[in-house]
Amino acid sequence: MSDVTPTRVVVAGGGTAGWIAAMALARQLGRLVDVTLVESDDIGTIGVGEATIPTARSFHEFLRIDERAFVEATGATFKLGIQFENWARPGDRYVHSFGTFALQNWVADFQHFWLEARHAGIDTPIGAYCLEHEAALAGRFSNEGKPPLSYAYHLDAGRYAAFLRTIAETNGAQRIEGRIADVRHQPESGNIAALVLEDGREIEGDLFIDCTGFRALLIGQAMGSGYDDWSEWLATDAAWAVQTETDEAPPPFTRAIAHDAGWLWRIPLQHRTGNGLVFASDCLDPDKARDRLMGSITGRPRSEPRLIRYKTGKRQQMWRGNCLALGLSSGFVEPLESTSIHLVMVGVTRLIQMFPFAGSDQAVRDRWNTMADTELEKVRDFIILHYKLTERDDSAFWRRCRDMAIPDSLRHRIASFTSSAQAWQAPDDLFRAESWLQVMLGQRLQPEHWHRIGALMSEGRLEGELERQRAAIAAHVDRLPKHQDFIERLLSGKAQAGAGLVHSG
């Protein structure tokens, strides 16, 4: 093999984003890169991005991470979806699950058959035909058996970063402790030459990854990449977060509970529960928001609540020069659908696929930025959907959400579903058609028309097929162990780790 001079990659900032980047690059590119992560023990991390979507499992498989070791190290539990409460109206409840529906063909998706059946008087809720939906509500889980469940994780972000650090350092990544005081630029290109630490040390590199959070020390302050503000559509701008002792068996889903100026989250882990209150500060005073959060928790607090302020939006260029931003430094939608960790994972995966071994190339940067922008904008639309499709009239916050103008891309999706029950996943969409379907129906958006192919089925056949699927799902759920019981079996070695995942050592 020919000698290769490794590309010097410097990751600024630790936490979940920093250690995902360092671990993935060191593990996947090996001796082709020299990875250094710089972080300060004196600077805390946000540490509340503690829920994922099913793409996290694919990323773990890609990096050969053992599921049992991960679950044990991070206090993780399993997640089949998100339960939304009070969103369309106070008292409403629905689950956006990670599942699919069996009855569909190339002509029409499941909702068209379900709507035809409802038109004929069969009024079974749509969730009854989704395995993950029913398992979530029953509090049951297993990664064994067929058909397999589609699932994600709840995790302790601090423990996850430490877990990833161990893997990264085992694969050659180096950690340097220190606070970044300045950034030295290359005089001709304007690219970053080195990070200057407070003690005078300079950390030189070829490619710099900004994982400094909302401060965006590199991509924003040093490289001058501007910020597109999305607060006209996503009005929340702050959150209180607090951890509490676990006082019940963890359900296999996240809870998102709307209140009159935003929403609350509940994320169940093995050893504690993550709690937060997201709010618009022009509708709810921060001190009152804190009191509301503390009045809503059920377990004993493990720490003082922390206030996190943010502005929804994205960097105009997430990769500029030889600096690429990941995590909060690149932009922030909001935590509602647990996409933050996914966006870091897909961003670093895309970087590995397009890695600039020959130096920073404008065409590569443009392609990476275009893909990142498109995905984030579609995530943005999906989040806006939850707010726009409200019928709440009990507060200024919800009236503003209900009446706001929305991006044309989302307006077209809503109109298509309203007129003809069309829901779809485009090639560059993160969320599947089933996700759009569950949220739109859950938010009380009812189609006026649908594809009538179901009307071609002989009398009783559609009803019989739907009943067969409902009964099969109910029987499958009854055979699943309780979520807590499965976690205990997994950690004791009596349950199978996720298929395709191998040990991280």
Side-chain angles (χ1 to χ4, degrees), residues 13 17 46 48-49 210-241 261-263 276-286 289 307-321 323-344 346-347 365-366 368-390 395-414 428-431:
I46 297 296
V48 296
D210 188 345
C211 297
T212 62
F214 291 127
R215 295 170 295 159
L217 294 179
L218 275 58
I219 194 68
Q221 297 182 32
M223 299 301 289
S225 179
Y227 197 79
D228 290 333
D229 185 346
W230 289 345
S231 57
E232 65 179 294
W233 303 306
L234 298 167
T236 65
D237 59 1
W240 283 101
W263 59 281
L277 186 140
V278 178
F279 64 102
S281 59
D282 63 347
C283 295
L284 182 64
D285 177 79
L307 179 62
I308 304 159
R309 294 188 181 275
Y310 59 84
K311 180 186 291 186
T312 55
K314 72 171 184 66
R315 289 288 156 192
Q316 291 169 353
Q317 291 177 298
M318 299 182 212
W319 187 350
R320 186 167 190 174
C323 176
L324 183 147
L326 292 174
L328 301 178
S329 60
S330 68
F332 186 64
V333 182
E334 72 152 74
L336 185 60
E337 282 283 356
S338 311
T339 57
S340 293
I341 291 177
H342 161 81
L343 291 168
V344 176
V346 75
R365 292 198 303 270
D366 288 347
W368 192 97
N369 280 326
T370 296
M371 295 172 72
D373 286 347
T374 300
E375 179 170 48
L376 192 57
E377 287 167 5
K378 291 186 180 298
V379 169
R380 174 204 66 192
D381 284 2
F382 189 63
I383 303 300
I384 296 171
L385 178 74
H386 299 68
Y387 289 101
K388 178 63 176 177
L389 295 185
T390 186
S395 69
F397 174 81
W398 287 108
R399 287 192 293 271
R400 179 171 62 184
C401 294
R402 180 196 62 195
D403 298 337
M404 67 180 168
I406 57 177
D408 288 343
S409 50
L410 177 58
R411 185 172 52 81
H412 174 61
R413 279 188 182 270
I414 292 174
D428 48 7
D429 280 347
L430 169 60
F431 290 101

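Hydrogens, waters and symmetry mates are skipped; everything else that's a heavy atom, side chains included, is used. For the single chain, residues carry numbers from 1 onward in sequence order.
- Atom CG in Leu389 sits 4.5 Å away from atom CD1 in Ile414 (nearest 0.5 Å).
- Taken from CD1 in Ile406 to CG in Asp381, the straight-line distance is 8.0 Å, to the nearest 0.5 Å.
- In this structure, Glu232 CD and Met404 CE are separated by 9.5 Å, a value rounded to the nearest 0.5 Å.
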Next on the checklist: Go through it in stages, so that I can follow the logic: the residues are Leu430 and Lys378, the test is side-chain contact (heavy atoms from CB on, under 4.5 Å), and I'd like the CA-CA distance, side-chain angles, deciding distance and then a yes or no.
Outcome noted: CA-CA 7 Å; Leu430 169 60; Lys378 291 186 180 298; over 6 Å; no
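- Taking CG of Leu385 as the reference point, atom CZ of Arg413 lies at 9.0 Å (rounded to 0.5 Å).
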Next on the checklist: One pair to check against side-chain contact (heavy atoms from CB on, under 4.5 Å): Glu375 and His342. What are the steps and the verdict?
Outcome noted: CA-CA 11 Å; Glu375 179 170 48; His342 161 81; 3.1 Å; yes
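- How far CZ of Phe279 is from OG1 of Thr236: 9.5 Å, rounded to the nearest 0.5 Å.
- Residues satisfying the ring-ring contact (aromatic ring centres under 6.0 Å, His included) criterion with Phe431, sequence neighbours excluded, are Phe382.
- Looking only at side-chain heavy atoms (C-beta outward), Arg380 and Pro407 come within less than 4.5 Å of each other.
- Taking 4.0 Å as the cut-off between side-chain N and carboxylate O, Arg315 and Asp210 do not count as a salt-bridged pair.
- Minimum interatomic distance between Tyr227 and Thr312 (heavy atoms only, all atoms of both residues): OH-C, 3.7 Å.
- When every heavy atom of Lys388 is checked against every heavy atom of Asp403, the shortest pair comes out as NZ-C, 3.8 Å.
- When every heavy atom of Pro286 is checked against every heavy atom of Trp240, the shortest pair comes out as O-NE1, 2.8 Å.
- Note: Ser340 OG to Leu328 CG = 6.0 Å, rounded to the nearest 0.5 Å.
- Residues Pro335 and Trp263 have side chains in contact (heavy-atom distance under 4.5 Å, counting atoms from C-beta outward).
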Checklist entry - Would Ile219 and Arg320 satisfy side-chain contact (heavy atoms from CB on, under 4.5 Å), going step by step from the backbone distance to the final call? => result CA-CA 7 Å; Ile219 194 68; Arg320 186 167 190 174; 4.0 Å; yes
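- Pairs passing the salt bridge (charged side-chain N to carboxylate O under 4.0 Å, His left out) check and including a residue from residues 217-228, sequence neighbours excluded, read Asp228-Lys314.
- Between Phe332 and Phe214, the ring planes lie perpendicular to each other; the angle is over 60°, past the 30° to 60° tilted range.
- Between Glu337 and Val379, the closest side-chain pair of non-hydrogen atoms is not below 4.5 Å.
- Pairing each heavy atom of Arg365 with each of Gly321, the nearest pair is CD-O, 3.1 Å.
- Counting only heavy atoms from C-beta outward, the side chains of Thr390 and Phe397 never approach each other to under 4.5 Å.
- Contact of the Trp233 side chain with the Leu410 side chain is not registered, since no non-hydrogen atoms from C-beta on lie closer than 4.5 Å.
- Of all heavy-atom pairs between Leu284 and Ala289, the closest is CD2-CB, 3.5 Å.
- Closest of all the heavy-atom pairs between Ala235 and Ala280 is O-CB, 3.6 Å.
- The backbone N or O of Gln317 lies less than 3.5 Å from a partner atom in the side chain of Ser225, making a donor-acceptor pair.
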Checklist entry - Would Gln316 and Asn369 satisfy side-chain contact (heavy atoms from CB on, under 4.5 Å), going step by step from the backbone distance to the final call? => result CA-CA 9 Å; Gln316 291 169 353; Asn369 280 326; over 6 Å; no
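- Judged as a salt bridge (Lys or Arg N to Asp or Glu O under 4.0 Å), and not counting sequence neighbours, the contacts of Asp408 are Arg411.
- In this pair, Trp368 and Trp319 present their aromatic rings perpendicular. The plane angle is above 60°, beyond the 30 to 60° band.
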